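Being a predicted model, the structure only gives us computed values, none of them experimental. Computed from heavy atoms alone, side chains included, the values below leave out hydrogens, waters and symmetry copies.
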Amino acid sequence: MDQEYERRLLRQINPQNVPTEAGQAKCVSATCSPVSVKSGDRFIPTRAGSNWSINFHYANENCRSPNQNHKAKDASSDSSKDAVAYAALLRNELLGAGIESVPDPHTDDRRQAVLSHDSHSLFRYTVHTKRVPFDSDNEVSPYSLSPLSNKSHKLLRSPRKPARKISKIPFKVLDAPELQDDFYLNLVDWSAGNLLSVGLGSCVYLWSACTSQVTRLCDLSVDGDSVTSVCWNERGSLVAVGTHKGYVQIWDAAGGRKLSSLEGHSARVGALAWNGEQLSSGSRDRVILQRDVRTPPSAERRLQGHRQEVCGLKWSPDHQHLASGGNDNKLLVWNSSSLLPVQQYSDHLAAVKAIAWSPHQHGLLASGGGTADRCLRFWNTLTGQALQSTDTGSQVCNLAWSKHANELVSTHGYSQNQILVWKYPSLTQVAKLTGHSYRVLYLAVSPDGEAIVTGAGDETLRFWNVFSKTRCTKESKSVLNLFTRIR
């Protein structure tokens with residue numbers, strides 16, 4: 001091509017890229033490199049690093065009110081499994097992911113595996129040269145009019161576990177007059193015999209879930225005393241009652257008679273915990289006393305480690321270690337032989353009343369802090385290491401593990417007065433229950449492990465179905481709807 005003609009042609013396309021005379025001198029022939037034209041009629045952006053699901057979510061969320069956002073979150077949680085199934089179906093058809101079952105949207109590891117599977121190769125071109133023989137059990141019929149692949153058909157036929165729904169309304173509400181609004185007391189406990197004991201003022205009342213009978217076990221007003229804690233033994237035959245004057249009374253629930261009255265504390269007894277025939281008591285005098293109810297009162301062990309009131313006591317399921325929490329923000333672990341704590345945890349920033357040992361993992365201990373801390377913390381008492389923690393946003397008053405699943409429930413005070421159900425170890429919230437107008441200071445679990453009862457300073461007891469019985473047993477469910485409202 002003539003060089004003069006080529007230069008005029010390039011000047012019409014882009015005057016800035018016309019070669020100069022000096023540039024022409026460098027070209028020794030017509031085979032020199034062509035001039036690159038930088039301008040174009042199309043712009044193709046790079047979207048490789050964009051997360052469109054997050055972008056569209058934020059765009060829609062900014063146009064909604066807070067109430068609409070809350071409803072949208074509830075709706076999205078209800079349809080999360082459908083969304084995961086639809087996403088898996090698209091990955092099968094578009095990317096050949098080969099997903100045959102619907103993953104659980106609440107399981108972070110499996111969901112992450114679905115979302116990240118084959119993310120390094122978005123498009124893949126393959127040539128199928130060998131046809132697989134038809135199998136009536138595993139393959140789609142060649143005469144089927146469905147556009148879906150065999151893997152997608154398996155995905156749609158896979159069994160789907162129904163999501164467990166926890167009612168946010170208590171199935172029973174009882175009046176509890178004179179139920180004290182005191183963070184350091186423990187006034188509600190549920191026995192293995194399905195009896196609920198509640199300390200109201202100077203009296204202890206028993207509610208039977210089998211007969212709907214209400215019984216007054218004791219009245220301390222004749223001695224000028226009041227109830228500060230109650231605790232059933234493991235068999236459900238004896239109930240220990242801690243008093244404001246520092247006494248610990250042992251009562252026979254069936255006979256309605258006092259068996260003994262133990263001295264030793266110089267201030268109120270706010271925490272009790274049974275370990276077989278041994279009873280541990282924690283007091284405002286900062287001392288923990290361990291006594292065998294079968295031996296004379298002189299045979300006792302004094303555990304001194306807290307600098308302020310002891311407000312939480314729990315024995316481990318193997319009966320080897322005692323966990324104690326105090327108003328000094330300390331969580332101590334004791335064994336059955338030493339008079340000094342074998343472990344001490346000081347991460348909490350407020351009083352530690354909420355303590356619970358896991359029945360599913362040996363040595364796992366959970367604890368919760370007061371208003372200045374608001375955290376749930378988990379400890380491996382076998383190694384003495386801290387495992388996890390999460391900020392609940394409000395004062396942690398009580399903790400209890402499910403007997404059948406790796407879940408736990410926590411009750412809270414300032415400022416939200418809510419009840420939370422958690423999955424462990426993901427620490428995802430399964431449910432949030434509200435209804436109390438005061439701090440939810442008291443918590444007990446039913447003997448069948450399905451229901452809980454909560455008490456608060458609003459002088460009410462509320463019963464909730466929060467845990468599911470996953471193991472099939474031949475035992476009949478306990479009758480929990482036999483209580484009557486009293487005032």
Presence of salt bridge, D328 and K330, under 4.0 angstrom: no
Check: D458 main-chain N/O paired with S437 side-chain donor or acceptor under 3.5 Å: no
Under 3.5 Å donor-acceptor, S402 side chain and F467 backbone: no
Validation row: L376, Y424 side chains within 4.5 angstrom (heavy atoms): no
Axial cation check for F183 ring with K353, 6.0 Å and 45° limits: yes
N/O donor-acceptor pair under 3.5 Å between T392 side chain and S394 backbone: yes
Side chains of L331 and L365 in contact at under 4.5 Å (non-hydrogen atoms): yes
Side-chain donor-acceptor pair present, S226, R268, cut-off under 3.5 Å: no
N194 versus S208, side-chain donor and acceptor atoms under 3.5 Å: no
Test item: L220 and H244 side chains (from C-beta on) under 4.5 Å apart, heavy atoms: no
Parallel, tilted or perpendicular: ring planes of W379 versus H348, cut at 30 and 60 degrees: perpendicular
Parallel, tilted or perpendicular: ring planes of H306 versus W334, cut at 30 and 60 degrees: tilted
Test item: H412 side-chain N/O and R374 main-chain N/O as donor-acceptor pair under 3.5 Å: no
Donor-acceptor contact below 3.5 Å, side chain H404 vs main chain E450: no
Between D225 and Y247, a side-chain donor and acceptor under 3.5 Å: no
Which atom of Q290 lies closest to which atom of W315, heavy atoms considered: NE2-CZ2, 3.5 Å
Side-chain H-bond candidate by donor/acceptor type, H436 with N417, under 3.5 Å: no
Any donor-acceptor pair under 3.5 Å from Q343 side chain to T381 backbone: yes
4.5 Å side-chain heavy-atom contact, L206 and L196: no
Side-chain (N329) to main-chain (A351) donor-acceptor, under 3.5 angstrom: yes
Atom CZ of R291: over 12 foreign heavy atoms under 6.0 Å: yes
Heavy-atom side-chain contact between Y442 and V198 under 4.5 Å: no
Mutual orientation of the aromatic rings belonging to F171 and F463 [parallel < 30°, tilted 30-60°, perpendicular > 60°]: tilted
S191 side-chain N/O to G236 backbone N/O, donor-acceptor pair under 3.5 Å: no
Distance-minimising heavy-atom pair for T371 and A350: N-CB, 4.1 Å
Sub-4.5 Å side-chain heavy-atom contact between S389 and D347: no
Shortest non-hydrogen contact between A444 and V188, atoms and distance: CB-CG1, 4.2 Å
Sub-4.5 Å side-chain heavy-atom contact between W401 and L364: yes
